[in-house]
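Computed from a prediction, not measured in an experiment: that's the story for all the values here.
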Amino acid sequence: MQRLSFPAMTGVSLIAMATALQAQDATISQTPGTVVLDPITLVSDGQESTEATGGVTLTQADLQALKPADVSELFSRDSAVNVAAGTGPAKRIYVLGLEQSNLAVTVDGVPQFKDSWHHGGSSFVDPAFLKRVEVEAGAAGADSGFAAAAGAVRYETLGARELLTDGRTQGGRASLSYGSNGRGVTASLAGFGVYDGFDWFAMVNTAQGDNYDDGDGSEIPGSEASNVTGIVKLGYEFEGHRVELAYEHSEDDADRPVRMNMNLEDAVYPLKLTRDTLSLTYTETAPSAMWDPELSIYLARQEYERTNFIEDRAGGDFSFDATTVGGVAKNRFDVGVGTVTAGLDWAYNDYSIDNFGDTDVPVHELETLQAGAFVQGRFEFANGIRLSTGGRLDAHRFSDWTGDRRSDTGASVNATIAYEFAPGYEVFAGASRTWLGYDLGEYGYLHARDSSTVTADGFEPATAKNYKLGLNASQGNWTGNVTLFDTRLDGLANAYYPALDNSEEYRSKGFTLSGNYSWGSGRIGASITKADVSYDGDDLAPVGGEATPFGTVATLFIDQDIPQYNLAVGASVELADRLSGDYITDSGFAEAPGYAVVNAYAEWSPAQYQDVVVRLGVENLLDKAYYERSTYGRNLDRDVTPLYAPGRTVTLGVSMDF
């Protein structure tokens with residue numbers, strides 16, 4: 001471990017410096033102005049590093065300074081992750097060109113639903129509540145969850161005990177901002193405290209705005225911000241035990257386009273999306289080497305509701321929901337040279353699709369049931385070798401809308417090994433084979449189909465394969481990583497008409513390269529990702545869905561602390577190359593232009609009010625007209641215009657801890 005000392009910092013300066021340590025899980029020591037950096041290694045202290053194999057980590061300090069308004073801004077400094085344009089309900093997250101639903105996504109350990117609809121987004125996460133984000137790209141651990149085809153995304157939300165400092169027993173946080181270009185007003189309020197063994201945390205966040213304009217000044221219909229999110233956590237600690245009850249509610253209610261990921265027409269219709277999650281978790285506050293358990297049960301529900309606007313045919317209304325109940329029981333064992341995590345997980349999912357308007361097509365009901373056992377070891381050996389390896393065995397049952405039921409069982413294995421051949425230099429190689437069960441795909445796709453849709457007789461469980469090879473380096477005040485990757489997804493669900501069947505192979509292969517350098521009061525970093533994405537061996541057109549053409553995407557950022565003025569400033573650049581070729585034009589699409597987008601911010605904490613932070617942010621500083629790489633492309637055959645990203649947006653906000 002290296003210890004880097006910087007000039008003494010105050011309030012916002014310390015936060016800004018920590019934020020500048022992009023892609024590092026940095027900790028702040030008790031000595032003012034000292035930042036302790038852990039080198040990028042595959043395994044350290046019994047935990048894997050996502051950055052060590054080309055993934056992404058955002059710490060609480062990163063999130064506090066970035067203050068992302070949505071998931072696009074959340075991942076704006078990471079070239080491996082790209083988010084489609086549009087408002088919240090339209091945003092789809094792609095990792096190395098593969099859609100987020102192909103990763104095991106959890107919020108505080110609770111698995112999230114796959115995509116409900118091929119024209120909708122893939123994430124309900126409100127960045128205002130987050131304290132940490134990890135994106136594990138490629139081979140994921142067996143304890144990452146069921147069907148981690150192309151990796152895992154782990155979101156962790158805020159809580160009382162990590163926010164209370166200096167012996168305080170209660171506190172709060174409030175923020176208010178106003179943004180131009182339709183962003184409108186965003187406000188949040190949180191309260192938290194501890195009493196004896198009890199702790200509590202409650203927070204609400206809302207964003208209300210208007211339609212935004214793109215860089216050419218054209219208004220994007222149905223793009224207004226209109227969401228409310230709330231979270232409550234109640235914890236109790238006694239005799240080394242901890243029990244926590246958590247409830248989260250998210251709601252987006254506004255007029256939206258019929259197809260949220262396309263600028264197909266100006267008409268908009270009322271659409272309401274809600275998500276509710278209730279979970280109960282047990283952990284130990286003073287675990288031993290052989291007893292470090294986590295037990296959780298959860299209940300979640302997701303709903304889409306839109307009134308019928310087309311008569312005498314299916315697809316006019318938009319009414320479907322999904323409910324899941326499940327649990328996880330696991331324990332981590334310290335075995336001297338590392339740790340071994342073993343456990344069980346299960347989930348029952350119920351889906352209901354009633355999107356057939358005034359036709360006589362019945363409601364479509366689907367069910368899945370999964371139960372699995374897993375073990376994952378993470379080891380550090382004295383000879384410089386680090387190893388992460390494990391496996392899981394899962395049983396999966398699928399019941400479709402016709403009453404057809406099928407069951408199967410499959411195994412998943414993974415292994416990644418690294419060798420530190422010189423101080424601060426590590427090479428690694430990894431591979432995984434993952435059994436995914438019966439892939440349900442975008443179950444809301446049934447909304448536009450009739451009762452003749454069936455499940456094909458030969459419908460089988462899907463599988464995934466991941467391969468990685470790379471190098472990590474940490475020397476002095478710089479770090480770097482290069483990762484070569486190859487991910488293959490076979491047997492995912494295809495279009496639902498005339499039959500639900502298995503698709504051919506999706507594949508993403510390429511490399512990621514990242515580097516960071518610090519000079520004490522600031523830091524600069526860059527990353528570049530190139531991914532060739534194909535379907536059944538052919539280059540993929542920009543049609544959205546399970547995968548999207550990625551090309552080459554790069555990011556560059558810089559942060560500078562100015563302690564004498566209690567000021568921190570920074571900027572970032574997002575770049576993408578032009579997508580061109582017969583594989584695009586022959587599919588009826590236009591070639592996608594490249595783009596370069598600049599974002600900047602400044603934060604100031606008044607000397608007499610250290611708990612107050614004033615922030616000025618500018619997104620798309622140069623007012624560039626562009627659509628993000630993962631956005632549904634320009635379809636010439638169907639006269640579909642992409643959802644362009646917002647033009648220049650200026651936001652002024654203030655936050656206060658009390």
Side-chain angles (χ1 to χ4, degrees), residues 99 101-102 113-120 122 146-147 149 258-259 261 301-306 308 310-324 347-371 394-410 434-464 489-506 535-536 540 543-547 638:
E99 215 277 333
S101 61
N102 296 305
F113 291 105
K114 294 192 66 173
D115 284 351
S116 298
W117 190 38
H118 60 298
H119 292 302
S122 57
F146 173 62
V258 175
R259 296 171 179 83
N261 66 335
R301 183 175 178 84
Q302 183 170 295
E303 298 178 88
Y304 285 60
E305 295 290 339
R306 183 181 68 203
N308 192 32
I310 302 176
E311 296 182 359
D312 302 322
R313 60 156 287 185
D317 60 350
F318 196 86
S319 176
F320 54 85
D321 58 66
T323 301
T324 184
Y348 168 78
N349 297 284
D350 177 79
Y351 306 87
S352 176
I353 303 99
D354 184 11
N355 303 286
F356 307 100
D358 51 10
T359 69
D360 59 358
V361 178
V363 175
H364 285 6
E365 301 282 352
L366 301 84
E367 295 179 355
T368 63
L369 176 63
Q370 169 266 326
D394 289 285
H396 200 231
R397 188 184 75 191
F398 167 54
S399 303
D400 74 4
W401 53 97
T402 68
D404 180 41
R405 175 177 291 184
R406 59 196 69 201
S407 302
D408 206 342
T409 302
T434 307
W435 188 81
L436 310 178
Y438 297 98
D439 179 48
L440 203 59
E442 299 157 323
Y443 69 90
Y445 193 74
L446 289 167
H447 83 283
R449 306 303 175 185
D450 59 31
S451 57
S452 63
T453 305
V454 297
T455 302
D457 291 338
F459 186 51
E460 297 179 346
T463 59
L489 311 179
D490 187 38
L492 298 180
N494 70 352
Y496 284 76
Y497 185 83
L500 171 61
D501 204 349
N502 299 109
S503 68
E504 301 300 328
E505 181 186 83
Y506 289 93
Y535 175 72
D536 195 20
L540 192 65
V543 296
E546 301 286 358
R638 299 177 59 192

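- Around the CG atom of D457, the shell of radius 6.0 Å holds no more than 12 heavy atoms that belong to other residues, nucleotides or ligands.
- Between A149 and A464, the shortest heavy-atom distance links the atoms O-CB, 3.4 Å.
- Taking Y351 as the reference, Y443 meet the ring pair (Phe, Tyr, Trp, His ring centres under 6.0 Å) condition, with sequence neighbours excluded.
- For the pair E442 and G545, the tightest heavy-atom approach, listed with the atom from each and the gap, is OE2-CA, 4.1 Å.
- Not one N or O on the side chain of T323 forms a donor-acceptor pair closer than 3.5 Å with the backbone of D350.
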Would F320 and H364 satisfy ring pair (Phe, Tyr, Trp, His ring centres under 6.0 Å), going step by step from the backbone distance to the final call?
CA-CA 9 Å; F320 54 85; H364 285 6; over 10 Å; no
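- A tilted orientation is assigned to the rings of H396 and F146, their planes being inclined by 30° to 60°.
- Taking both residues in full, the closest heavy atoms of W435 and G410 are given as CD2-CA, 3.4 Å, listed atom of the first, atom of the second, then distance.
- Residues passing the side chain to side chain contact (heavy atoms under 4.5 Å, CB included) test with V258, sequence neighbours excluded: E265, Y269, R306, F309.
- Every residue meeting the side-chain hydrogen bond (donor to acceptor under 3.5 Å, both in side chains) condition with E305, not counting sequence neighbours, appears here in chain and number order: S319.
- Taking all atoms of both residues into account, the shortest heavy-atom contact from Y535 to S503 is OH-CB, 3.6 Å.
- Exactly one of L492, L489, L540 qualifies for a side-chain contact (heavy atoms from CB on, under 4.5 Å) with E546. That residue is L492.
- Checked against salt bridge (Lys or Arg N to Asp or Glu O under 4.0 Å), D321 has the following partners two or more places apart in sequence or in another chain: R301.
- Separating the CG atom in L446 from the CG atom in D400 is a distance of 9.5 Å, to the nearest 0.5 Å.
- Qualifying ring pair (Phe, Tyr, Trp, His ring centres under 6.0 Å) partners for W117, counting only residues two or more places apart in sequence or in other chains: H119, F318, H447.
- Under the side-chain hydrogen bond (donor to acceptor under 3.5 Å, both in side chains) criterion, Q370 pairs with D345, D394, sequence neighbours left out.
- Side-chain atoms of W401 come within 3.5 Å of backbone atoms of T453 as a donor-acceptor pair (strictly under, hydrogens ignored).
- Residues satisfying the side-chain hydrogen bond (donor to acceptor under 3.5 Å, both in side chains) criterion with E460, sequence neighbours excluded, are absent altogether.
- Between F398 and F459, the angle of the ring planes goes over 60°, which puts this pair in the perpendicular group of the 30/60° scheme.
- Remark: D404 pairs with R406 by the salt bridge (Lys or Arg N to Asp or Glu O under 4.0 Å) rule, at least two apart or across chains.
- Residues satisfying the side chain to side chain contact (heavy atoms under 4.5 Å, CB included) test with T324, not counting sequence neighbours, are F113, Y298, A300, A347, N349.
- Residues G491 and N502 approach most closely at O-ND2, 2.8 Å, considering heavy atoms.
- With sequence neighbours excluded, the residues that form a side chain to side chain contact (heavy atoms under 4.5 Å, CB included) with L369 are Y348, R397.
- The minimum heavy-atom distance linking E504 with D490 is given by the pair C-OD1, 4.2 Å.
- In this structure A147 satisfies the side chain to side chain contact (heavy atoms under 4.5 Å, CB included) test together with L436, sequence neighbours excluded.
- With sequence neighbours excluded, no residue forms a side-chain hydrogen bond (donor to acceptor under 3.5 Å, both in side chains) with D501.
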